[in-house]
Structure formats: C-alpha cells, structure tokens
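Below, chains carry the letters A, B, ... as their sequence lines are ordered, and counting in each starts from 1.
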Amino acid sequence: MSETQPVRVVHYINQFFGGIGGEEQAGTPPHAKEGSVGPGRLLEMSSQGKIKVIGTVICGDNYFVENEGALDEVVKLIEQFKPEGVLAGPAFSAGRYGEASASVCKAVQERLNIPVITGLGPDSTALETYRRYIPIVRTGTSAVDMKNSMPVMGTILYKTIKGEALTEEEQEKLYKRGLKKNVIKEKNAAERAIEMLLAKYRGEPFQTEIPMVKRETVPPAPPVQSGPIRLALVTDGGLILKGNPEGMAGGRSKRYCRIEIKDWSKLSPDDVEVNHFGYDTRYVTEDPNRLVPLDAARHAEQEGKIILHPYIYSTAGVATAIEDAARIGKGIAQELLDAGVQAVILTST
Amino acid sequence: MITRELERVGIPVAQVCTVINVALESGANRVVPSQSVLYPTGDPSLEAEAELALRQNLINQSIEAVQAEVEEPSVIE
Amino acid sequence: MHLTMHKYPVQDIAWGQKTGYEQGTLTINKEELLQSLSEYEQRWGIKVTALELVKPGTSMRVINIFDVFAARARLGKGAVNYPGVLGPVSSVGTGTTAALEQFSVLAISVVPDRYNKLLDMSGFGSELTPYGEMHHLAFQAEPIDKNMKNNDYFSALKRMGLKIGTYLAQAASEAEPVQITEYTLDPRPADLPRAVYICMISSHQRSEVDEPILYGDDVQGLLPTILHPNEMLDGAVVAPYWNLGIDTYSFQNNPAVLDLYKRHGRDVDFAGVIAYVAHVTREKRARSTAVITNLVSNVLKADLAVVSKLGGGIPESDLLMIIESLEKQGVRTSGFIWSYMGDGTIYDSISANSEAADALASVGIYDDWLDLPPQTHVFGGTQVGPFTTDPNEKPVDAHQALKVCYRDICGAVSQLGASRLAMVEV
C-alpha cells in the first residue's frame, strides 16, 4: 500500500500564479489554501499520482521582499501542513518571485529539514545566491516553460523524498551547486598553465580552472544637486578606534564600525589606528587622514560645500565574503539613508 | 561592494581608490583615482601642507563626482 | 648562457664525521658546519641556536618557517654564490653549479609572524606540499643583539640559509654527480612559438628597503626586466620577506622555467623570463604593464606568455591587466593564481575579473581549512597559532592536532606554481 501512496507536498507560489491578481495584488500577505492551486494542479497531474499537493501557500511578491517577517510567516504556514517536501515556483526569471521561492526553500530545508526544490531561469538574480544551498531546476525564462519544468521538478522532488538516485539526465536539469574545494592534481600549477597556453595557441580545447564572472552592476545613483551636501565618509581600509575597543577584525570582516567624529577637525593617531591585513598600514597609521580625509573634508565644510555626517563608517575589506560585504554595505546604506545623508566619499585601499 | 549597496539605495558614492579595474568591476560608478593603495588620500613624500592640498583636491574631485551625471561606471579625474 | 647542473639527489640525511654526499646520503658534521658559520654569525648579527634533520614519513612538525632554500654551490675559481647577497655583484647562470636535489634548508624565524609556515612530515599535511616528500636541514637562528631590527634579522636569516646551502652543496660536489643537466637555450629552435614567463618577484604592498631580492637589489622601483632563465635557476632571485606562498627554493627550482625548458625545442622556443613587481601607485603600475607588453611583444617578439604573481589584491589586478594588454597585442596568455574561499562558490574566488584571462590554473584556495593530525616531534618552537584573526584566540601547543588554512602549510599553496594543489568545482 505504501508503494502507491503519494508524497505529501506543499506548494509555494506568488499572487499571480495563485490566481489573486497581478502587480496590483503584489502586497498580498501570506496565506494558505488546502490542496493545489494553479500550477500545483499540473504538478499533481504530471506526477501520475505520485505527488499530492496537500496545501498551497501564497504570498504577494512585494509583501515578501518588503517585510522582514514574511519568510517566517510563510515557513510557519508551510509547517502547519506537516509536508514531506516543498516545491516553490517555478519562478523562471522573475526577480522578487525568484528570491522568494529560493529563500523559502532554503529556510524550509534548514528549519524543517525536508527536501525542497525550486526552478529558476538562467538569468534569475536569485540563482547565484541560492544555488549552493538548494537544488534548483534549470527552467526557461518565462511561464511558457511551465509545462516542461514542472514535471521535472516534481520527479526530482519525489525521488529525493523517496531517497531514490537521480538519473544523469535529471542531474543535468539541476544547476551545479558551484561550490569548490582543494584537490591534488597530477601536475603542478605551472605545468597546467603552460599546457593550457599551448592548447589555446593551437586552437585545442582547454578549460580554465578559475572562471571569470561578470559582477552584477547597479545603475548609478542620481547625482546630488549643489548646495551644502550632507556627506558621509566611509572606508574599507580598516580604520578603528585606538586600541580596537570594538574588536574589529583586520580582514574577513563580518561587520563594520561607526567612529564618531563630530568633535574632531582631523583624524589623529591618538584617537584612531588602522587594522587591515591586506596592506602595509604604516603610512595611514602615522597619519590616518591619508586613509580618511577628515581634515580636508572639514575645510570643504567650512567653505559651505558639504555638511559632514558625524560618523565615519569603516570595515576592513580584505578576503571578505561577498555575502558579508553585501550585508555590511546594506547596513551602512540603511543607516545613512535614515540619517538623510545624500552622498558618500568612500576611500578604498 | 559597499559602494554597490549605497548606490542601490540612491546614495551616490565617490570611490577614491587605486585599483580602478577592481572598483569598476565591483559596482563603483564614480571612481576617483588615487595615488597609492598604501595611502589613498595622502602622500608621505610630500610636506604636510602639500599633502593637505592633495587631499583637498581629492575631496573637491569627489564632490564633483557625486554631482556628476553618469550613465555607467566612470572614472572621474 | 650555459649552465651545467651537477645533481646529487638526497635519499637520506645523517649527522656524521665528514660532511659530504655518498650513495644518496648526505652526511653532515654538525660541529664543522657550525664552526664554518661562526664568522658569518658575527658579520650578520645572528646566532644559529638549533639544527635539525627533517625526514619524510616521520612524525615531525617544523614550525615558524621563514623561507626554504635549495642547497646549491657554484663551482670553479672565482664563482660567486648569490651575488649581491653573499658576495660581490656579478651575474649567474653560466658555469657549473652543484645542486642537492630533493633537499632543502629551512630557515626558522624566532619572530612570531602569521605568515610563517609549518611543515608536517607525516599525515595529510605532508601530502599537500612537495616539501613533505623531501629531506631538509632546519636551522633556527636568533639575533645576537636583542634589539636587532626585524628587517636586519630577516635579511640575516636569508643569508644564513643560503650560506648553509652553499656549504653543503660544496661538500657534496667532491663526489661524482649522479646526474648532469645542461641548461642552455642554444641553438634556438626555428618555427616554434616563442614563449616567455612573466614572473612577479615582489609586491610592494608590503616590502622593505634593503630587502635582497634580485641580485641583492630591493627592487623598490623596478621596471620589468628580462632575465635569462638560467639566472633564476642559479640564484639571481631570493624570495621577499613577506611569505605569501612563495619561497626562495621555488625560484631556484622554478616550475614554469623548468617546464618551458623541457618544452624548449619541442613545443616552444623559450625566449626568456620577465621579472616584475607589484607597485602600489597607479602610474607605476600602468608603467609596468606598458613595459611588459612592449618587452614581450616587440623586444622578445613572443607568441606565448605565462604569467604569475605573488601577494594578493593589487598583484591580482596587475596580472589581469598584463594579460588583457598582451592579448590585445595578439600574444596568447595563461597564468596561475591562488583563490580565496569567499562565499564558498567557484564564482567568488578572486578579487578582480577579466574576460581576457580565460586560461588560469589554480594553485589552490588559500584560506580553506583543514585538519592536521598531531605530530610527535616539533622543531622551531613550542607553540603555534593562532591561525584565525580572532583576537581572543591564543597560541597552542605545537604537537597537537591543528586546524589551519592551506596557506599555513609550507609549499602547499605555491604562488610560483610548484605544488599540485588546485581548486575544483564541486
């Protein structure tokens, strides 16, 4: 009997696929429905009885990305169904929906410890962040691909729940996790580089060992108008208070610090020092204005060009993981935004 | 990375740095080139007064940078 | 240039009556060695306080390693070893040199420094580095004057390590060489692509005035310069103080030079080595790239270039700028480079990016962690660490099992491409 019993799955979708509405309904808060909705029906049908969608959790795209508690709410709703696995999306190349689907899967996997799956297009912005944590099926860029990708997601989720091995073909439908490790090769690195060089010269195939990645770019922020600009000084050069009372790391940073400068006309080695293991810090330690130009900024302030924010923000930007760097950046950005700062001079080593 | 997050929320950033190709790569849109990684806003070989002048110059350039309309990652000298 | 290398492969080492090489065994008379060094101890201001024979497969951990040296002696009347460092300036790369193979001299520093390396001779750590399979003579030396400046101490350690190597190789040269290798680029092969090796020899992110690097020069203002590969093999380059996965041994046995030599006349015409440094000012960096591009494409007229760097950050960006610039000139390039753990994905591995750099070999992820089993014997100190940047972490007993980064292991992450460690995607 247990052989024919379907696996019990919860499906996560956004307001659009949930049939609530388009962009005008993107603020819809999370709520659960019994059984399958929209693409969930395709999932059940294509599984030929192997998958039962016991519940569907729907959340608006905007609500999810704008509310910090949304993820917790969604996971709680999912948990109530006591599912054996969760399928989110597929979100194809949609930005907010992709982020939501992937982060729901990651959280469910971590907190409920059950198999998850989602599907994203190759240009999805969530892909790079989540591929190493959760299985993600390679989908097309839009819902046109639904009928192709949903059955694949279903099969892989079913097999994972049942502990069955995936076929090679199914493996290939999943994005590589993109993780890395050290191994010992046959030849040393110099020899391998020269081998590659000759292959390249001769037009033979070769494979670089360090892939180059075009980083995400952000459109330039609009310029500020003239008149005294509310401006903050920021550095990734490892400026810290003298004696490092906050215990800031010299690299692989996880956080930033705030140094109050409202009473200072310049930076003095009596007040601050530099902790950064990526460069020789003796010159900036000797005169910290060489790292953060407070003295010159005060001049500009006197000339009425700027109004200086009363804090310098600092971290040591070496060997810092992208995620940590992004989090540090977001933290500083939020503080400055809240304080009404209009522009930043960031000095970088 | 910090620059990218600041620009993302609409705060223009003048990034004073030497390793320009890395800066442009990592999301800086307004790069103000500096002399050295060891002292982005200074130069130990200069007299104090000249060094301060150099810094003031970088500040002025940076202020111009955040007031500049840019379409893509740019070096502002 | 024509260099004849008399090679003495070391299969065992032992203390004994007479310093010399016989049937694979290097015997060292400890007292005589120390005696011969006493003159230099006075001159350089350091005293050799301990010596240890280090053998593969033994439960031994050497800690606080500052540098690794090949044991070489230039033979014949008037031959100067390490000109500019141990003797007057002249050039190297021609003549006969005795070389102890599969053997090195390890210099142990008494100045605590997170860049000092450790070497296990058994267990997982020993499998990651070519030095795990070799024999070594490790020496520890202390400043005679307690107030000696670190830079003077480091310089003295380098000289002492080189000196010990020449002493041993000189003694070995009294025996018949086991193997003789000729290093010459002549006759130049026709119709093969011309290849150069572009080798960074110092990064001024962290360097010292008077650091003996190229023929004793501190390369502070170095414009890229052309070396004959023999010069590098014969002791023209000594590793900088800042040990970021480099050592003098890997210049003397430079794997890129040796591989291009092997392919010389078969796959390539080895046109030479370009030594360059990472400068810290924008103008100097741009000048370096411009000069290298010109030397490679117009002076050496090379078709192929393999590029390496040391240090991190700026040198990475330099390497990519050089590759971009050369590719624009139609020179095909590859390189080898280390990577960091970053966010744990293959895509977050180096600090700079360039689409022109499409052929890079990996020398490993330097900040990934591994576990080392305990070792019975320790040389070079009693405590090691901390290996993290956590200010609360304290040094620990050096015998115990350790958690270290790959870069902490001597020779495992080699920015000169000498180890077989590599990053792979999983």
Bottom line for C:His204: the part with an atom under 4.5 Å from chain B's heavy atoms is backbone
If you tally heavy-atom pairs under 4.5 Å between each of C:Asp318, C:Leu320, C:Val280, C:Thr281 and chain B, the highest tally belongs to C:Val280
Kindly say whether C:Asn243 contributes a backbone atom to a donor-acceptor pair with the side chain of C:Lys117 at under 3.5 angstrom? yes
Is it true that a side-chain atom of B:Ser62 and a backbone atom of B:Leu58 form a donor plus acceptor pair closer than 3.5 Å? yes
If one checks every heavy atom of C:Arg285 against chain B at 4.5 Å, the contacting part turns out to be side chain
- Is the backbone N or O of C:Phe336 less than 3.5 Å from a side-chain atom of C:Ser308, with the two atoms forming a donor-acceptor pair by type? no
Review point. Between the main-chain N or O of C:Thr388 and the side-chain N or O of C:Glu393, is there a donor-acceptor pair closer than 3.5 Å?
Key: no
